[in-house]
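Basis for what follows: all heavy atoms, side chains included, without hydrogens, waters or symmetry-related copies. We name chains A, B, ... by the order of the sequence lines, and we start the count at 1 in each one.
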Amino acid sequence: MNVTVLGLCGALLVGIGVFAFLWQRHLLRRVLAFNVIGSGIFLYLGAAGARGGAADPVPHALIITGIVVALSASALAVALVLAHLHASSATRLPEDEP
Amino acid sequence: MTLAFDLVLCAMIVGAAICAAVAGTIFAAAVFFIVYGIFVSLAWLRLDAFDVALAEAAMGAGLTGILLLRALGRMPASEDRPGPALAPALAGAGLALALGWAFLALPESAGLGPVVRNAAPGAGAENPVTAVLLAFRAWDTLLETIVLLAALLGVWALSRDEAWGLPPGLPQRVRPDGVLAGFGRILPPIGAVVGVYLVWAGTSRPGGAFQGGTVLAAVALLVSMAGLAQAPRVTSGALRLVLVAGPLVFLGMAFIGAVLSLWQPGAAFLALPEAHAKSLILGIELMLTLSIAVTLAALVAGPPEDRA
């Protein structure tokens with residue numbers, strides 16, 4: 001029962017993250033939304049793996065790998081955002097400019 | 001009672017996520033995101049996933065938070081107006097509903113927990129998560145360390161020509177009597193002990209190379225942000241050696257297994273010999289920790305820059 005609550009919470013987080021990713025225009029906010037989507041998926045996967053009663057270490061190991069990869073992808077994304085800012089003095093993509 | 005706790009926890013997680021998504025300023029959004037990460041790591045504790053809780057608190061909340069705040073400090077205060085909300089809201093709500101329905105429709109499964117717990121003692125790590133990471137799914141972990149290196153290459157490739165050869169990140173200026181300088185002296189010894197303990201305990205208890213490495217990376221970042229020590233230049237040979245040492249040792253062990261398999265049945269690429277598995281896993285973890293800590297610190301510090 002409790003596991004179901006956390007799994008549904010993960011589903012809701014993915015929805016919030018996708019909403020923010022599509023809605024926000026500032027690139028740093030999009031990186032943030034990408035991280036919300038990621039941790040929502042991790043929670044969803046972890047809760048799905050815990051339904052058997054005992055904790056399942058295989059999804060846990062997958063999720064730890066996922067957290068590390070998400071962090072390195074975010075670092076690369078932030079570096080790209082800053083490079084874009086230096087090159088064009090803009091914090092949004094050209095197609096999102098008003 | 002525990003159901004009530006879980007419901008309150010989920011409400012706080014979702015609330016923090018919504019605040020991070022819609023907050024008026026990006027600074028507020030980043031701070032809400034850090035709070036959100038801490039709540040999520042509490043949810044991991046509720047799922048008995050102690051290793052994931054440590055990783056989420058250290059990386060998801062800690063390092064990602066530093067990354068966002070540091071980037072924010074370098075951006076001009078620009079007007080930040082989001083686009084129309086209707087279509088994104090419908091997409092988000094639809095996806096959340098579909099995922100929720102899929103979760104409720106999942107068939108029952110016992111998972112791989114019992115299999116891993118039976119095999120873990122022979123694999124050289126009593127902590128089943130460490131056994132999966134470094135023995136059963138060592139392939140994933142090996143490639144993950146290489147993903148970290150690839151991301152660092154990408155970040156360094158974004159540095160401008162004039163700045164190449166400088167230390168990673170911006171040169172720091174700190175008030176010598178400020179809060180940051182004080183914390184920079186008090187926290188690193190505690191952080192170093194916690195980081196090394198997490199690696200050491202990781203084979204039998206929650207912890208491991210990634211969690212310990214992240215704490216050590218945070219210590220290195222704090223020392224450099226407080227201006228107490230200068231980070232090495234990106235062209236330094238010693239820095240590059242440390243960056244590749246962990247993956248190289250891991251790969252080396254893997255190839256020793258491949259060579260042994262020529263005349264020893266049971267040996268294979270990435271298969272650790274059972275008699276020495278525990279000491280080999282500890283050795284690989286120590287080297288990996290060093291490389292992970294330095295790579296993460298360099299990733300968060302960003303490409304070398306020469307102007308403020």
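Heavy atoms of F103(B) lying under 4.5 Å from chain A belong to its backbone as well as its side chain. Neither the backbone nor the side chain of A131(B) comes within less than 4.5 Å of any heavy atom in chain A. Residue V116(B) touches chain A through its side chain alone, counting heavy-atom pairs closer than 4.5 Å. Interface residue V22(B): backbone and side-chain heavy atoms are both found under 4.5 Å from chain A. Contacts of L86(B) with chain A are absent, with no heavy-atom separation under 4.5 Å from either backbone or side chain. With a 4.5 angstrom heavy-atom cutoff, L104(B) touches chain A only via side-chain atoms. At a 4.5 Å heavy-atom cutoff, the contact between P303(B) and chain A is made by side-chain atoms alone.
Under the side chain to side chain donor-acceptor pair (under 3.5 Å) criterion, no residue pair touches residues 45-54 of chain A, with sequence neighbours excluded.
Atom-to-atom distance recorded for L32(A):CG and I26(B):CD1 is 9.5 Å, nearest 0.5 angstrom. To the nearest 0.5 Å, atom CH2 of residue W44(B) and atom OG of residue S39(A) are 9.0 Å apart. Here M75(B) contributes atom CE and L28(A) contributes atom CG; the two are 5.0 Å apart, rounded to the nearest 0.5 Å. One finds the CG atom of D51(B) at 5.0 Å from the CD1 atom of I64(A) (value rounded to the nearest 0.5 Å). I67(A) CD1 to Q211(B) CD: the interatomic distance, rounded to the nearest 0.5 Å, is 8.5 Å.
Of the listed residues (P57(A), G40(A), G7(A)), the one with the most heavy-atom contacts under 4.5 Å to chain B is P57(A).
Side chains of Y36(B) and L13(A) form a contact here, defined as non-hydrogen atoms less than 4.5 Å apart. Looking only at side-chain heavy atoms (C-beta outward), P88(B) and V18(A) stay at 4.5 Å or farther from each other.
Minimum interatomic distance between A91(B) and L22(A) (heavy atoms only, all atoms of both residues): CB-CD1, 3.8 Å.
Put simply, the side chain of E144(B) never gets that close to the backbone of V69(A): no donor and acceptor are under 3.5 Å apart.
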